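Encoded as structure tokens, the structure appears first; notes follow it.
Model, not experiment: these values are computed from the prediction. So that the names make sense, note that chain A is the first sequence line, chain B the second, and so on, each numbered from 1.
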Amino acid sequence: MSEDGRPETVPAPTPQPDAKPRHDLQRLKRRADFLRVASRRTKWVTSGFILQAAPTPPPRVRPGEPPSPEPAGPVIRIGFTTSKKVGKAVQRNRARRRLRAIASEIMGTDAQAGYDYVLIGRTETIARPYEMLLSDLRWALKRLGLRR
RNA sequence: UCAGAGGAUCGGAUGGCCGCUGCCGGGCUCGCGCCCGGGGGAGGAAAGUCCGGGCUCCACGGAGACGCGGCGCCGGGUAACACCCGGCGGGGGCGACCCCCGGGACAGUGCCACAGAAAGCAAACCGCCGGUCUAUACGGCCGGCAAGGGUGAAAGGGUGCGGCAAGAGCGCACCGCGCGCCCGGCAACGGGAGCGGCACGGUAAACCCCGCCGGGAGCAAGAUCAAAAAGGAACGGCAGUCCCUCUCGCGGGGACAGACGGAGUUUCCGGGUCGCCGUUCGGGUAGUAUCGCACGAGGCGUCCGGCGACGGGCGUCCCAGAUGAAUGGCCAUCCCCGCUGCAGGCACCCCGGUGUGUGCGGUGUGGACAGAACCCGGCUUACAGAUCCUCUGACGCG
RNA sequence: GUCCCCAUCGUCUAGAGGCCUAGGACAUCAGCCUUUCACGCUGAAGACACGGGUUCGAUUCCCGUUGGGGACG
């Protein structure tokens with residue numbers, strides 16, 4: 001559609017067709033999970049965010065409960081934290097949404113499965129260019145030895 | 001044209017790629033769920049949580065008292081309000097209009113520091129005047145006065161004239177104040193004529209008095225969900241003490257006492273419960289569970305009534321429902337803004353500078369305040385910019 | 001989200017309309033004492049969160065703003 005003179009829109013970065021298989025992403029929602037991940041002290045700090053990681057514990061088997069159908073293979077679980085240090089509600093929401101966006105773009109293909117990850121927002125998360133956040137996340141995974 | 005006043009509305013737009021959520025339809029599946037398509041998805045303040053309600057629970061209902069809290073010119077609006085509308089009083093502006101305060105200080109109590117003679121009942125420091133002592137003056141004493149000075153936030157009407165020994169509402173005029181009368185107004189209040197002759201300081205966001213209103217807690221309220229004991233609920237039966245009826249018992253009637261119960265305390269009344277037995281129903285905890293949870297004092301349009309807040313009729317629409325908490329992430333173009341380059345226009349003038357606005361470009365970690373959490377009505381606070389309507393003043397032209 | 005509470009020197013606090021130029025303790029600084037340090041003594045500096053209102057007068061009473069803290073599944 002270049003007959004209207006407008007330049008072609010730059011396509012969004014799409015995963016390469018020959019990329020590594022994507023893992024399903026689950027969400028961390030319980031306070032105990034966040035505390036457990038933080039207590040491992042496995043973290044990497046960038047100017048855009050802080051990444052924490054810990055191995056996913058085996059699923060809790062409840063007595064008297066039928067064994068839940070375990071999903072085939074390990075999964076990746078991600079949680080997000082944006083405290084009041086980031087700002088008021090509008091700033092916190094925006095920081096969390098940007099972290100969610102870079103996680104859904106990268107983590108499924110680049111992160112080691114079987115781990116829980118926590119991304120902590122900082123004040124810079126809002127203003128930092130998007131491409132920088134992406135490279136920050138790849139670098140942080142590599143430094144933690146969890147990039148595949 | 002310039003300067004200003006009041007009111008209302010909006011709060012970037014369009015597109016592309018990738019996502020989230022719940023609704024509808026279809027498909028797959030025993031089921032949990034998954035996939036496809038369609039349409040919906042933050043605000044005027046969603047904020048602060050300062051008022052008023054709906055709703056839910058506190059076992060249920062009625063009438064008071066005390067206490068506590070709030071409100072307070074008048075009339076109206078409303079489900080209600082501390083909100084809104086229209087008036088009243090005071091002040092500001094040439095004007096449109098804006099701002100401020102709002103029961104009671106002769107029901108009582110308290111307080112009014114410092115200064116000052118005196119701070120609430122009248123009094124007299126410096127003074128003024130008369131008399132008297134003394135040779136005169138200064139001064140002392142006696143008496144009259146409260147104008148002037150001084151202190152203070154505030155000093156017992158103010159100004160002027162008369163009057164007087166000096167003065168003073170002592171008299172008069174105007175203003176203020178008080179009292180009742182008349183008139184206008186539903187009322188707050190306003191106006192008028194008259195009388196009084198100053199008697200009545202401030203503070204109630206001090207206690208208080210008067211009038212009106214209010215039970216408490218809050219959706220983390222509250223409710224539901226499979227199996228088992230205690231606990232629990234419903235129904236039925238028996239059941240405290242005394243008196244009367246009765247030979248006794250049953251039955252009937254009456255009185256009394258204790259505990260519980262009105263989620264401030266308390267009184268009274270109606271109507272209840274308590275302990276035991278039987279039958280039936282049945283579960284605290286669960287957990288990323290479900291309901292509450294979105295059709296409402298609802299939005300929009302139009303007509304009628306009203307100065308207005310608002311009310312009524314008709315038509316039409318369904319319009320966010322998350323729960324580590326969705327409503328977005330990235331990119332492009334346009335719009336607006338700032339800075340800047342070039343071109344040329346207008347005004348001023350010290351003749352090459354200043355100001356203003358136009359067109360075409362470039363540039364930007366430029367685009368206000370801010371994110372629903374049960375729901376409404378208000379208030380308060382924050383806010384870049386844009387648009388519309390009405391009105392006022394000045395100047396010019398007709 | 002809902003409901004409460006608080007704000008005074010660097011820290012902990014007193015004051016409850018005027019007597020406040022806001023008091024005390026610890027901490028800080030200076031001097032004295034001591035050979036020196038500590039202790040002790042003397043002295044100094046240092047605060048009413050902010051903005052309005054009521055009042056003659058506000059740290060105190062009222063309203064709003066801001067900033068802290070707590071309770072509730």
With a 3.5 Å limit on both atom pairs, tell me what [N] is paired to, counting Watson-Crick and G-U wobble, or say none.
N      : result
B:A173 : B:U159
B:U279 : B:A234
B:U241 : B:A255
B:G108 : B:C207
B:C2   : B:G393
B:G143 : B:C129
C:A71  : C:U2
B:U333 : B:A13

Return the [atom1] to [atom2] distance between [X] and [Y], rounded to the nearest 0.5 Å.
X        : Y        : atom1 : atom2 : answer
A:Phe49  : A:Asp136 : CZ    : CG    : 5.0 Å
A:Ser39  : A:Gln52  : OG    : CD    : 9.0 Å
A:Leu119 : A:Met107 : CG    : CE    : 6.0 Å
A:Glu105 : A:Arg100 : CD    : CZ    : 14.0 Å
A:Tyr115 : A:Leu141 : OH    : CG    : 12.0 Å

Study note, to complete from the structure: Sequence neighbours excluded, the answer for salt bridge (charged side-chain N to carboxylate O under 4.0 Å, His left out) partners of A:Arg138 is A:Asp110
Grab the [atom1]-[atom2] distance between [X] and [N] for me, whole Å please.
X        : N      : atom1 : atom2 : value
A:Leu134 : B:C331 : CG    : P     : 10 Å
A:Glu105 : B:C331 : CD    : P     : 11 Å
A:Ile78  : B:G19  : CD1   : P     : 15 Å
A:Leu99  : B:G329 : CG    : C1'   : 11 Å
A:Tyr130 : B:A332 : OH    : P     : 14 Å
A:Arg92  : B:A322 : CZ    : P     : 21 Å

Hey, what are the protein-to-nucleotides 323-328 of chain B N/O distances that come in under 3.5 Å?
residue: B:G324; atom: O2'; partner: A:Leu28; partner atom: O; Å: 2.9
residue: B:G324; atom: N7; partner: A:Lys29; partner atom: O; Å: 2.9
residue: B:G324; atom: O6; partner: A:Arg31; partner atom: N; Å: 3.3
residue: B:G324; atom: N2; partner: A:Thr81; partner atom: OG1; Å: 3.0
residue: B:A325; atom: OP1; partner: A:Arg27; partner atom: NE; Å: 3.4
residue: B:A325; atom: OP1; partner: A:Arg27; partner atom: NH1; Å: 2.6
residue: B:A325; atom: OP1; partner: A:Arg27; partner atom: NH2; Å: 2.8
residue: B:A325; atom: OP2; partner: A:Arg27; partner atom: NH1; Å: 3.4
residue: B:A325; atom: OP2; partner: A:Arg27; partner atom: NH2; Å: 2.1
residue: B:A326; atom: OP1; partner: A:Arg96; partner atom: NH1; Å: 2.8
residue: B:U327; atom: OP1; partner: A:Arg100; partner atom: NH2; Å: 3.0
residue: B:U327; atom: OP2; partner: A:Arg97; partner atom: NE; Å: 2.9
residue: B:U327; atom: OP2; partner: A:Arg97; partner atom: NH2; Å: 3.1

Please enumerate all protein N or O atoms sitting under 3.5 Å from an N or O of nucleotides 66-73 of chain C, with distances to 0.1 Å.
none

Point to revise | 5'-most by nearest nucleotide on RNA chain B - A:Pro129 or A:Lys88 | key: A:Pro129
Point to revise | Given RNA chain B, 5'-ward residue of the pair A:Val90 and A:Ile102, judged by closest heavy atom | key: A:Ile102
Is [Y] reachable from [X] through a run of I, L, V, M, F, W or Y residues, each pair having side-chain heavy atoms under 4.5 Å apart?
X        : Y        : result
A:Ile120 : A:Ile102 : no
A:Leu144 : A:Leu133 : yes
A:Leu51  : A:Met132 : no
A:Leu146 : A:Ile50  : no

Taking the chi torsion of [N], is it syn (within 90° of 0) or anti (everything else)?
N      : value
B:G169 : syn
B:A199 : syn
C:C19  : anti
B:G44  : syn
C:A30  : anti

Revision key, fill the gap. Residues of residues 119-126 of chain A with a heavy atom under 4.0 Å from any atom of RNA chain B, listed by number, are none
When the [atom1] atoms of [M] and [N] are compared, how many Å lie between them, rounded to an integer?
N      : M      : atom1 : result
B:G44  : B:C383 : C1'   : 10 Å
B:C121 : B:A166 : C1'   : 26 Å
B:A230 : B:U280 : P     : 14 Å
B:A384 : B:C314 : C1'   : 43 Å
C:G64  : B:G48  : C1'   : 11 Å
B:C177 : B:C141 : C1'   : 43 Å
B:C374 : B:C291 : C1'   : 13 Å
B:G185 : B:C66  : C1'   : 43 Å

Residues 89-99 of chain A side chain polar contacts: donor-acceptor under 3.5 Å, at least two apart:
residue: A:Gln91; atom: OE1; partner: A:Lys88; partner atom: N; Å: 3.3
residue: A:Arg92; atom: NH1; partner: A:Gly87; partner atom: O; Å: 3.1
residue: A:Asn93; atom: OD1; partner: A:Arg96; partner atom: NH2; Å: 2.8
residue: A:Arg98; atom: NH1; partner: A:Thr125; partner atom: O; Å: 2.8
residue: A:Arg98; atom: NH1; partner: A:Ile126; partner atom: O; Å: 2.8
residue: A:Arg98; atom: NH1; partner: A:Arg128; partner atom: O; Å: 2.8
residue: A:Arg98; atom: NH2; partner: A:Arg128; partner atom: O; Å: 3.2

Check your understanding: If every non-hydrogen atom of A:Ser47 is compared with every non-hydrogen atom of A:Glu124, which pair is closest and at what distance?
Key -> O-CB, 2.9 Å
Extract all donor-acceptor atom pairs below 3.5 Å that involve side chains of residues 76-83 of chain A and protein atoms in other chains or at least two apart in sequence.
residue: A:Arg77; atom: NE; partner: A:Asp116; partner atom: OD1; Å: 3.0
residue: A:Arg77; atom: NH2; partner: A:Asp116; partner atom: OD2; Å: 3.0
residue: A:Ser83; atom: OG; partner: A:Lys85; partner atom: N; Å: 3.2

Check your understanding: Under 3.5 Å, is there a donor-acceptor pair between the side chain of A:Arg122 and the main chain of A:Thr46?
Key -> yes
